[in-house]
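In what follows, every chain begins at residue 1, and chains take the letters A, B, ... in the order their sequences are listed.
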Amino acid sequence: MKRRKEDSVKQSDELAQQILAVIDAIPYGRVATYGQIARLAGLPKHARLVGYVLKHLDAAADLPWHRVINSQGKISLSKLDENGLNMQAQKLLSEGIAVAAGKIDLKKYQWH
DNA sequence: GATCAGGCTCTAA
DNA sequence: ATTAGAGCCTGAT
């Protein structure tokens, strides 16, 4: 992360902003992959950063982080609720997105 | 600065 | 279809 001095400050902040903006734009009933989000945000190779940002900055924001999955259509997190079920999968299911064995059919639900 | 780790991705086996 | 290894980049120590 070394850039021109003028950018260095807002750089990281903007990256997060862009990422969040893209995620926020994911429509109901649709999902997107980390890589896709990174690309749309203008960050072709920062798929991991997307995950990182979400993990740390989702609490207060009302972002549909559950609509973000990896390129294989799987859920990477293993956050479980009191019933031992995957929270993300539940949110997706309640939006009408089919989740079979932790996997989602990208052909049908991926956002373009 | 040098190092490490991470909700990833791509390709090959 | 699943797994393993290498690549990429950033934020945190």
Side-chain angles (χ1 to χ4, degrees):
Chain A
M1 52 166 110
K2 40 190 162 192
R3 309 239 166 190
R4 291 185 306 136
K5 196 181 178 197
E6 309 85 73
D7 302 355
S8 62
V9 176
K10 65 176 188 178
Q11 196 66 37
S12 67
D13 187 59
E14 277 191 18
L15 295 194
Q17 291 299 323
Q18 295 174 95
I19 291 172
L20 298 177
V22 174
I23 294 174
D24 191 49
I26 301 174
Y28 179 95
R30 283 298 168 81
V31 298
T33 67
Y34 294 91
Q36 179 183 7
I37 290 171
R39 269 192 326 254
L40 291 175
L43 309 166
K45 301 167 179 120
H46 305 54
R48 310 181 87 157
L49 178 61
V50 177
Y52 189 90
V53 171
L54 284 179
K55 179 172 186 184
H56 293 282
L57 311 176
D58 64 315
D62 51 341
L63 291 170
W65 57 272
H66 50 276
R67 296 181 191 150
V68 184
I69 56 183
N70 65 26
S71 66
Q72 303 189 349
K74 294 183 193 167
I75 293 175
S76 310
L77 272 185
S78 47
K79 189 163 182 24
L80 308 176
D81 61 11
E82 58 278 352
N83 300 310
L85 295 173
N86 189 300
M87 235 173 74
Q88 180 167 13
Q90 305 228 348
K91 287 181 179 268
L92 293 174
L93 287 170
S94 64
E95 290 193 357
I97 298 173
V99 181
K103 279 202 294 192
I104 295 156
D105 190 341
L106 289 175
K107 293 184 191 302
K108 287 174 36 177
Y109 301 106
Q110 180 162 40
W111 173 50
H112 299 285

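Here the shortest heavy-atom pairing between A:Pro64 and A:Asp24 reads CD-CA, 4.2 Å. Nearest heavy atom pair, residue A:Ala41 against residue A:Gln18, reads O-OE1, 3.1 Å. Closest approach of A:Arg39 and A:Pro44 over heavy atoms only: CG-CA, 4.2 Å.
Under a hydrophobic-cluster definition in which Ile, Leu, Val, Met, Phe, Trp and Tyr are linked whenever side-chain heavy atoms come within less than 4.5 Å, directly or via other members, A:Leu85 and A:Ile104 are assigned to different clusters. A:Leu54 and A:Leu57 fall within a single hydrophobic cluster, where Ile, Leu, Val, Met, Phe, Trp and Tyr side chains are chained together by heavy-atom contacts under 4.5 Å.
Between the side chain of A:Gln110 and the main chain of A:Ala32, no donor-acceptor pair closer than 3.5 Å is present. Proximity of a side-chain donor or acceptor of A:Gln36 to a complementary backbone N or O of A:Thr33 within less than 3.5 Å is detected. Checked by atom type and distance alone, the side chain of A:Gln88 pairs as donor or acceptor with a backbone atom of A:Val68 at under 3.5 Å. Of the possible polar contacts, none joining the A:Arg67 side chain to the A:Leu92 backbone as a donor-acceptor pair under 3.5 Å is found.
Taking only side-chain nitrogens and oxygens, A:His46 never comes nearer than 4.0 Å to OP1 or OP2 of C:dC9.
Atoms NZ (A:Lys91) and P (B:dG7) sit 19 Å apart, rounded to a whole Å. For A:Lys55 and B:dC8, the NZ to P distance is 10 Å, given to the nearest whole Å. A:Ile104 places its CD1 atom 18 Å from the P atom of B:dG7, with the value rounded to the nearest Å. A straight line from NE2 of A:His56 to C1' of B:dG7 spans 10 Å, rounded to a whole angstrom. In this structure, CG of A:Leu57 is placed 13 Å from P of B:dG7, rounded to the nearest angstrom. Going from atom CG of A:Asp105 over to atom P of C:dA1 covers 10 Å, rounded to whole Å.
With contacts defined as side-chain heavy-atom distances shorter than 4.5 Å, the pair A:Val99/A:Asn86 does not qualify. Put simply, the side chain of A:Val22 reaches to within 4.5 Å of the side chain of A:Trp111, judged on heavy atoms.
Electrostatic pairing of A:Arg30 and A:Glu95 does not count as a salt bridge here, judged by no charged N lying under 4.0 Å from a carboxylate O.
Across all strands, A:Lys74 comes closer than 4.0 Å to no nucleic acid atom at all (heavy-atom distances). Contact annotation for A:Leu54: base contact, defined as any heavy-atom pair under 4.0 Å involving a base atom. Nucleic acid contact for A:Val68: base, since at least one base atom lies under 4.0 Å from a heavy atom of the residue.
Stem regions annotated for DNA chain B: B:2-6 with C:9-13, B:8-13 with C:2-7, counting only runs of 3 or more consecutive pairs of Watson-Crick or G-U type with both contacts under 3.5 Å.
Comparing A:Tyr52 and A:Lys45 by the nucleotide of DNA chain C that holds the closest heavy atom to each, the one mapping nearer the 5' end is A:Lys45. Projected onto DNA chain C by closest heavy-atom contact, A:Val53 and A:Lys103 fall at different nucleotides, the more 5' of which corresponds to A:Lys103.
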Dump every N/O contact between nucleotides 9-13 of chain B and the protein below 3.5 Å, one line per pair.
unit_1 : atom_1 : unit_2  : atom_2 : d
B:dT9  : OP1    : A:Tyr34 : N      : 3.3
B:dT9  : OP1    : A:Gly35 : N      : 3.0
B:dT9  : OP1    : A:Ser71 : N      : 3.3
B:dT9  : OP2    : A:Ser71 : N      : 2.6
B:dT9  : OP2    : A:Ser71 : OG     : 3.4

Check nucleotides 1-5 of chain B against the protein and report each pair of N or O atoms closer than 3.5 Å, with its distance, or say if there are none.
none

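In this structure, the nucleotide among C:dG7, C:dG11, B:dG7 sitting nearest to the side chain of A:Leu77 is B:dG7.
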